[in-house]
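One structure below.
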Amino acid sequence: MSVVLLGMSLSVQAAAAVGQAPAVTLAPLDCMARGLTPPDAQNRLAVSLPFYQPSLDRSQVDSVVRNWQQNAIVPPENGLTLWSYWNDQPGAEGPLSPVGWNISDFTGFAPQGPLVQVQRGRQNSYGKSGVQFDGRRAGMWMSSQDPDFRLFNGAGSINVGCWYYSAPLPRLFASPDHQLDVSFDIGIGFDDSTPNEVAQAYFALIARNRQADCQAPRQCEFTLAVEVYTRDPKYATEERVHSDHTGTLQNLIAQTGLDSANWLTLMGDSIHHQTQPFDSNRVHFRISPAQFRRVLQSVATSVHNDPNLVPSLEPADYDLTLLNVIGEINVVSTAGHSRLGMNVSNLRVTSVIGHQAMGAPWGHVGEGSGVVFRNSDNSIQLFKGEIGQGAANKTVLSAGPALGDPVGHFAAAAPRVVYRDNNRAIREIFRYNGQWTEWNLSAALGAAQAYSDPRTFVDSEGLPHVVYRDMAGDIHEFYMDAGGWHRTNLSTESVPARPRPALGAMAYVANGAPRIVFRTVDNGIGELYYQNGQWRQWDMTALAGPGAFVQSDPQGFADIGGLPRIVYLDSAGHLHELRGGSGGWTHTDISQLTGAPKGMGNPMGFVAGNAARVVYRGEDGRILELVDWNGQWLLNDLSATRGALKANADPMGFVDAKGVARIVYRGYDDTRKVQDDENMLHELFYSGQWLHRDL
């Protein structure tokens with residue numbers, strides 16, 4: 001078997017292409033990135049979901065806390081804003097100033113350090129209205145008894161979020177399969193509204209129809225408000241359309257509560273609508289295109305009976321001009337008053353396609369970029385899409401049942417996915433003439449059952465190879481040539497002797513030759529490599545030094561020079577590397593060298609940006625990256641990326657078809673009491689900085 005592989009040249013070319021990919025940009029206080037979707041006909045880039053609340057440095061507080069000025073609302077576009085209404089008539093005080101008394105008594109948010117750094121308001125005296133902002137958390141204190149807090153027709157509010165004005169606007173639904181996913185943490189610290197007065201907290205978005213010729217706002221847009229808190233329980237489920245009685249909005253308001261039966265889906269990690277003050281807790285709901293269509297129908301058939309109010313009932317026609325969380329007080333009578341203190345943090349609005357991933361996903365290149373994974377129903381599914389080319393789409397490749405995680409690759413002029421089914425057979429799904437076809441590769445070849453998930457490599461003729469280990473620990477190979485598919489037991493055919501039994505098998509390409517690295521049953525490392533027409537094997541354990549104990553399955557990859565590297569974790573959670581070169585193999589304890597946190601699971605190496613990189617999952621779920629930059633290992637905590645969640649399965653890094661470095665993983669939010677989204681796929685990608693998006 002003559003096999004000369006292309007792994008070296010492909011890795012170098014892919015790494016060199018990283019800097020050529022279309023840029024996705026995100027400034028520190030932006031709510032959304034630009035470049036995730038293609039430019040419009042005028043070559044303009046739109047901001048687009050996901051929306052992740054930025055973390056605010058205290059020195060930036062005055063740049064985001066704003067007030068009503070000269071009867072015009074002009075907050076910055078796509079810039080985080082904490083917006084309030086204070087009296088700004090002639091003779092009134094000037095800009096908002098630091099507040100020295102502790103607003104936390106009412107908001108329930110107690111920022112650390114000097115209060116004057118994080119609090120702003122009109123008056124520096126007890127009882128006046130004010131705001132707080134620090135990191136990803138805001139406190140809001142509204143009092144109708146404050147003479148400087150402006151009430152419009154008896155109502156006043158403070159909100160945190162972002163505004164959008166310029167076309168192209170962010171799209172509400174990326175595709176008919178996507179859902180709008182909204183989550184934030186909120187607490188109501190204080191409410192002493194008198195009878196018949198109203199204090200409320202709600203999420204709001206303004207949806208605008210992009211097809212309409214808008215002569216007035218109410219002809220093409222409306223506000224969708226989701227009530228989180230108010231004393232009257234009827235608002236928990238009521239779905240109604242009404243006008244803004246305060247006169248601050250010209251468009252209609254479609255309003256419902258968290259327990260709406262038709263307009264949204266309350267997620268399992270969310271609180272229900274609240275009628276009494278409460279400590280900070282999670283709000284989480286989704287809106288599907290079908291649910292949003294029901295909202296549109298309600299607006300269209302509202303009491304106003306104006307056909308121009310909703311020019312379209314198609315959810316795909318609507319964009320976003322506002323996303324925020326609002327605290328509001330209303331005073332009905334001259335004798336009454338209303339006061340509300342609240343806090344909001346971690347506001348997050350994303351666009352997702354429903355799935356429940358199991359195990360670890362696998363990113364690959366083949367007819368574009370894709371991520372394959374096993375779903376909770378044990379089917380094999382595919383997300384496909386390029387960064388900057390629009391939203392990803394999902395395809396169910398196999399009805400299952402799958403026993404393990406799939407791996408994707410491109411070989412023999414076709415994208416291919418292989419996986420292990422529940423009968424321990426290796427099955428392949430490949431795309432031919434625009435159709436996905438599946439067959440039982442093990443049955444066709446009469447092969448031994450698979451006791452590890454398959455791994456793949458591609459030879460110099462572009463033909464596929466699949467490796468796995470059987471129950472006895474032997475490593476098997478399926479390979480294609482001009483005569484079709486064949487199988488062989490590499491453990492028995494290798495020289496000089498049969499290797500120790502394997503617990504798994506991972507194939508990669510380096511220095512022009514295929515290599516298979518595996519953890520042995522006694523927690524050492526073995527390798528098979530192809531040289532001069534023959535598979536050879538040797539025990540690599542001694543390279544790691546006396547007493548070496550391999551805890552993870554070793555993972556091999558080729559560096560920027562095409563030379564072999566192998567990474568693994570030991571029993572203490574330390575990350576190690578074995579590196580091959582002209583002088584032979586060397587060993588490095590990377591954790592000891594860099595102080596990297598302990599790891600768990602299986603680390604993996606790949607090349608991107610002309611540098612070797614290793615990504616792994618820390619003991620606390622953080623995604624950590626080590627980069628070999630000019631001969632020095634550098635540590636990055638990728639979980640610090642805005643919007644990124646922690647990982648509960650191994651991350652997988654690859655360079656996509658457009659040259660973008662990407663890391664895919666299964667994420668969870670460890671701050672949630674119920675992990676409703678712990679099986680959703682996430683990805684990090686590099687565009688001048690690491691950025692995140694949900695799949």
Side-chain angles (χ1 to χ4, degrees), residues 29-32 49-56 64 78-84 107-109 111 131-140 157-163 170 172 179-189 200-206 223-230 236 255-260 263-274 277-287 320 322-328 340-352 642-645 667-677 680 682 692-694:
L29 293 180
D30 283 352
C31 296
M32 300 191 202
L49 295 173
F51 168 116
Y52 301 137
Q53 181 178 332
S55 182
L56 180 70
V64 302
N78 193 38
L80 184 67
T81 303
L82 185 63
W83 187 262
S84 185
T107 66
F109 169 35
V131 297
Q132 302 164 311
F133 215 151
D134 193 24
R136 291 188 176 90
R137 195 168 187 180
M140 309 175 186
S157 65
I158 301 178
N159 60 70
V160 56
C162 282
W163 299 72
L172 187 58
Q179 300 180 60
L180 191 73
D181 184 284
V182 179
S183 66
F184 53 92
D185 296 317
I186 185 172
I188 303 299
Q200 58 183 344
Y202 55 95
F203 168 83
L205 64 84
I206 294 180
T223 298
L224 174 59
V226 178
E227 194 95 39
V228 175
Y229 167 84
T230 190
Q255 181 175 339
T256 189
L258 278 178
D259 297 305
S260 166
W263 289 4
L264 57 85
T265 299
L266 190 66
M267 305 302 288
D269 60 341
S270 177
I271 60 173
H272 291 269
H273 181 274
Q274 301 292 297
F278 61 95
D279 293 334
S280 185
N281 215 319
R282 181 64 51 93
V283 166
H284 186 194
F285 59 89
R286 288 184 182 165
I287 300 174
L320 295 166
L322 171 68
L323 290 168
N324 68 5
V325 177
I326 302 174
E328 183 175 300
L340 178 69
M342 59 182 284
N343 62 81
V344 176
S345 58
N346 302 316
L347 177 56
R348 179 187 186 101
V349 184
T350 65
S351 185
V352 301
R642 185 194 302 180
L645 300 184
Y668 76 102
D669 186 344
D670 62 346
T671 66
R672 300 187 181 185
K673 296 177 181 178
V674 179
Q675 296 299 324
D676 197 66
D677 275 349
M680 298 289 287
H682 299 255
H692 170 272
R693 68 172 181 169
D694 300 283

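Note that the structure is a prediction, hence the values are computed from the model and not measured. We number each residue from 1, following the sequence as shown.
The distance from the CG atom of D181 to the OG1 atom of T265 is 10.5 Å, given to the nearest 0.5 Å. The CZ atom of F184 sits 10.5 Å away from atom OG of S280, with the distance rounded to the nearest 0.5 Å. Annotation: the span from Y52 atom OH to R136 atom CZ amounts to 11.0 Å, rounded to 0.5 Å. The structure places CG of L347 at 7.5 Å from OG of S183, a figure rounded to the nearest 0.5 Å. Separation of atoms CG (L224) and CH2 (W263) is listed at 7.0 Å; rounding is to 0.5 Å. Interatomic distance, S260 OG to L266 CG, rounded to the nearest 0.5 Å: 10.0 Å.
Scanning both residues, A204 and T223, for their nearest heavy atoms gives CB-CG2, 4.2 Å. Between I188 and A201, the closest heavy-atom pair is CD1-CB, 4.0 Å.
For the side-chain hydrogen bond (donor to acceptor under 3.5 Å, both in side chains) criterion with R137, the lone passing option out of N343, D185, T107 is N343.
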Q | side chain to side chain contact (heavy atoms under 4.5 Å, CB included) evaluation trace for V160 with M140 | A | CA-CA 9 Å; V160 56; M140 309 175 186; 3.5 Å; yes
Q: Just do the side-chain hydrogen bond (donor to acceptor under 3.5 Å, both in side chains) check on D269 and H284 with the steps written out, would you?
A: CA-CA 7 Å; D269 60 341; H284 186 194; 2.7 Å; yes
Q: Please test T81 against V64 for side chain to side chain contact (heavy atoms under 4.5 Å, CB included), starting from the C-alpha separation and ending with a verdict.
A: CA-CA 5 Å; T81 303; V64 302; 5.6 Å; no
Q: List the steps, then state whether side chain to side chain contact (heavy atoms under 4.5 Å, CB included) holds for Y668 with L645.
A: CA-CA 6 Å; Y668 76 102; L645 300 184; 5.9 Å; no
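R348 has no carboxylate O lying under 4.0 Å from a charged side-chain N of D669, or vice versa, which leaves the two without a salt bridge.
Residues R286 and V352 meet the side-chain proximity criterion, which asks for heavy atoms closer than 4.5 Å. Within the 4.5 Å cutoff, the side chain of M32 has heavy atoms near those of the L49 side chain.
With sequence neighbours excluded, the residues forming a salt bridge (Lys or Arg N to Asp or Glu O under 4.0 Å) with R693 are E683, listed by chain and number.
Using a 3.5 Å distance cut-off with no hydrogens or angles, the side chains of D259 and H273 do not pair a donor with an acceptor.
Using cut-offs of 30° and 60° for the angle between ring planes, the F285 and F203 rings count as perpendicular.
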